[in-house]
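Working notes, beginning with the structure itself.
Computed from a predicted model, the values in this text were never measured in an experiment. What you see below is based on every heavy atom in this structure, not just the backbone, and it leaves out hydrogens, waters and symmetry mates.
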Amino acid sequence: MLASATVADPAQAATRLVGAPVVAVTEDGSPRPGATFALWEPPLTERTGEHGAPLRRSAAADAASLLADLVEQGARTLAFVRSRRSAESVAEQARRLLADRGRADLVRRVDSYRGGYLPEERRELERLLSTGELLGVATTNALELGIDIAGLDAVVLAGYPGTLASMWQQAGRAGRAQRESLVVFVARDDPLDHYLAHHPRAVFGRPIEATVTDPTNPYVLGPELCCAAAELPLRPEDLADFGGPAAEAQVEALVAAGALRRRPTGWYWAGRGRPDVDIRGSGLEPVSIVEAGTGRLLGTVDGDAAHVTVHTGALYVHRGETYVVDELDVEEAIAVVHAESPDWTTVARDVTDLAIVDTDRTRALGTVTAHTGVVDVTNQVVAYQRRRLGTGEVLAEFPLDLPPRQLRTRAVWITLDFRAVQRAEVDQIALPGSLHAAEHAAIGILPLLATCDRWDLGGLSTALHPDTGAATIFVYDGHPGGAGFAERGFAVLRRWLQATRATVATCECESGCPSCVQSPKCGNGNDPLDKAGAVRVLDVVLDELADADLRPADDPPGEGPGPSAAPADEDADESADEDDELVF
């Protein structure tokens, strides 16, 4: 039996997951109280950030204010935030607001909850929240699933959690004691948040995203076969349940690598003990955070995030206490920290190279071509900036000497030949910034159509890529072997880019801001970016896509009535009627 409150097409998703026919039970007769759901976008302020871009009031600040207000009213509240650092920050801001209002009695009833805490810390926080001793908790998605907490009155969402499924899971944490509840979505300075705040139908009028799985991903299938062989010998007839030909090829590779042994009765696990499997899929062990002097273990951070979050010199926050990293030992997976409360925060800078390994599908659109396939991504964190708290002003930049990391994954990419660039009226000076801005916006919007988060994605854009010989925009899955997000983008390309173009064009800023084309994870410091050029580039791509959808299947390529195109993906054909739902 499988159960989920938020999944599209549950029978198909479950069948693909377990490899056997599944019947869906979708009728729910249980009573459910009403909920008031509010969408709120903080206004633009007079403050400016990178390159003079206007900044909105922080979603975290507004979420902290709402959390304090609700706690003061006696409402048991969860405030969901997007990062571990934000969980600490929102809880601290709410406590400070309550103290300033003379409610010292409530300060101790607000806390934070996130991954990386020690198990005993998390169990105690869960107990205090369940009993009502804690009234307000700022949390990451660590409290979204798997923990039974009833009786909550309100939920504050500080930013879109990445998928509609997650949003409804988080919102559903309130109202579980048959009382009406309140849910407030506070938009961050982010393209997708901006889009959703201005297009309520994209929140309330759309089904939950399709679950994206790839059972043949070798980075998932290999460990799965090892675990199966450690339970019982794998027989040839078993391989059909693991993906057929893909499983057969993977078994041969595991035998060659010495992980499995072939015997007349099947394949056996060759290791001692149980297979060591990383359920997060990064392949990297967690990094321990250790306090200098005492040797006390403060917590852990995921290995794939360590170079960005706990590099030497980074600011690390744990349960309201701030620490500065003295040293990150990559080999030993240990970050040594000391307590310090500076007036700055840190932001890592990185560089990325991408090489095309194999192209699976191509869709020719005249002067524009769309592709999907396998790529190799090399990323290296090369420096970090100290930025003043509150303003984001860059105070200094320091080099880092960290090893590069390589990722083989899947990507979708769009190439524009010289005619497309000319039609977009973008010169060679403006072209890099135009492509870069379009890339950022596209990454920010893809989670609207795929079960992912912008942090699950990466991108690269260039005026001339060596593998394509043309101006190119790449968006790739940030997981080894890929997770299906890039293929989803290729399948719904027109809908994806329509929503991207609408977000950039309707943003009220003049030259680009975090609500449209700036990215919080840009390794180049959001430079260069050209908002107007991005709109013109996207216009050209969308024009070619529209022409391709209207062109008869036998219309030849060339200089005829319009550019040629390969037949549209079946999913893209089915989505044509939904275009108006996404663009207003």
Side-chain angles (χ1 to χ4, degrees), residues 1-4 7-25 210-285 304 356-361 372-377 406-411 450-452 456 476-488 490-491 569-571:
M1 178 177 177
L2 300 91
S4 175
V7 63
D9 199 352
Q12 181 179 343
T15 296
R16 188 169 177 80
L17 181 65
V18 303
V22 174
V23 176
V25 179
T211 301
V212 177
T213 57
D214 181 8
T216 64
N217 182 334
Y219 296 91
V220 176
L221 182 56
E224 183 180 20
L225 289 168
C226 288
C227 289
E231 294 285 343
L232 290 171
L234 277 172
R235 299 169 300 173
E237 56 267 32
D238 296 330
L239 298 185
D241 295 332
F242 290 91
E248 294 170 7
Q250 193 63 36
V251 164
E252 294 301 322
L254 291 169
V255 170
L260 297 182
R261 290 195 184 98
R262 185 194 303 272
R263 295 289 184 266
T265 53
W267 292 275
Y268 289 74
W269 167 239
R272 295 184 178 180
R274 307 296 299 174
D276 186 12
V277 177
D278 173 24
I279 63 173
R280 294 185 180 272
S282 69
L284 301 170
E285 64 176 309
D304 59 339
I356 298 172
V357 176
D358 187 37
T359 302
D360 293 338
R361 286 184 289 169
T372 183
V374 179
V375 297
D376 277 338
V377 181
Q406 293 186 330
L407 173 72
R408 176 159 290 190
T409 185
R410 304 188 68 85
T451 312
C452 67
D456 293 318
Y476 59 84
D477 295 356
H479 299 273
F485 310 138
E487 285 95 332
R488 178 65 175 165
F490 183 86
D569 186 279
E570 182 179 354
D571 195 0

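Taking every heavy atom of both residues into account, Ala229 and Tyr268 meet most closely at CB-C, 4.2 Å. In terms of heavy-atom proximity, Ile356 sits nearest to Val375 at CA-CG1, 4.1 Å. Between Arg274 and Cys227, the closest heavy-atom pair is NH2-O, 4.5 Å. Closest approach of Ala24 to Pro10, counting heavy atoms only: CB-CG, 3.9 Å. Closest approach of Pro275 to Ala230, counting heavy atoms only: CD-CB, 3.8 Å.
In this structure a side-chain-to-backbone donor-acceptor pair under 3.5 Å is present from Thr372 to Ala411. No donor-acceptor pair under 3.5 Å is formed between the side chain of Asp358 and the backbone N or O of Gly373.
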Evaluate the criterion side chain to side chain contact (heavy atoms under 4.5 Å, CB included) for residue pair Asp477 and Asp456; output intermediate values, then yes/no. CA-CA 6 Å; Asp477 295 356; Asp456 293 318; over 6 Å; no
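Looking at residues two or more places apart in sequence or on another chain, you find no side-chain contact (heavy atoms from CB on, under 4.5 Å) involving Asp241. Contacts of Thr15 classified as side-chain contact (heavy atoms from CB on, under 4.5 Å), with partners at least two apart in sequence or in another chain: Val22.
If you take CG on Leu232 and OG1 on Thr265, they are separated by 11.0 Å, rounding to the nearest 0.5 Å.
Arg408 has its side chain within reach of Val374: a pair of non-hydrogen atoms, C-beta onward, lies under 4.5 Å apart. Trp267 places a side-chain heavy atom less than 4.5 Å from the side chain of Pro236.
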Show which side-chain atoms of residues 249-264 pair as donor or acceptor with protein atoms under 3.5 Å away, not counting sequence neighbours.
from: Glu252; atom 1: OE1; to: Arg262; atom 2: NH2; distance (Å): 2.8
from: Glu252; atom 1: OE2; to: Arg262; atom 2: NH2; distance (Å): 2.7

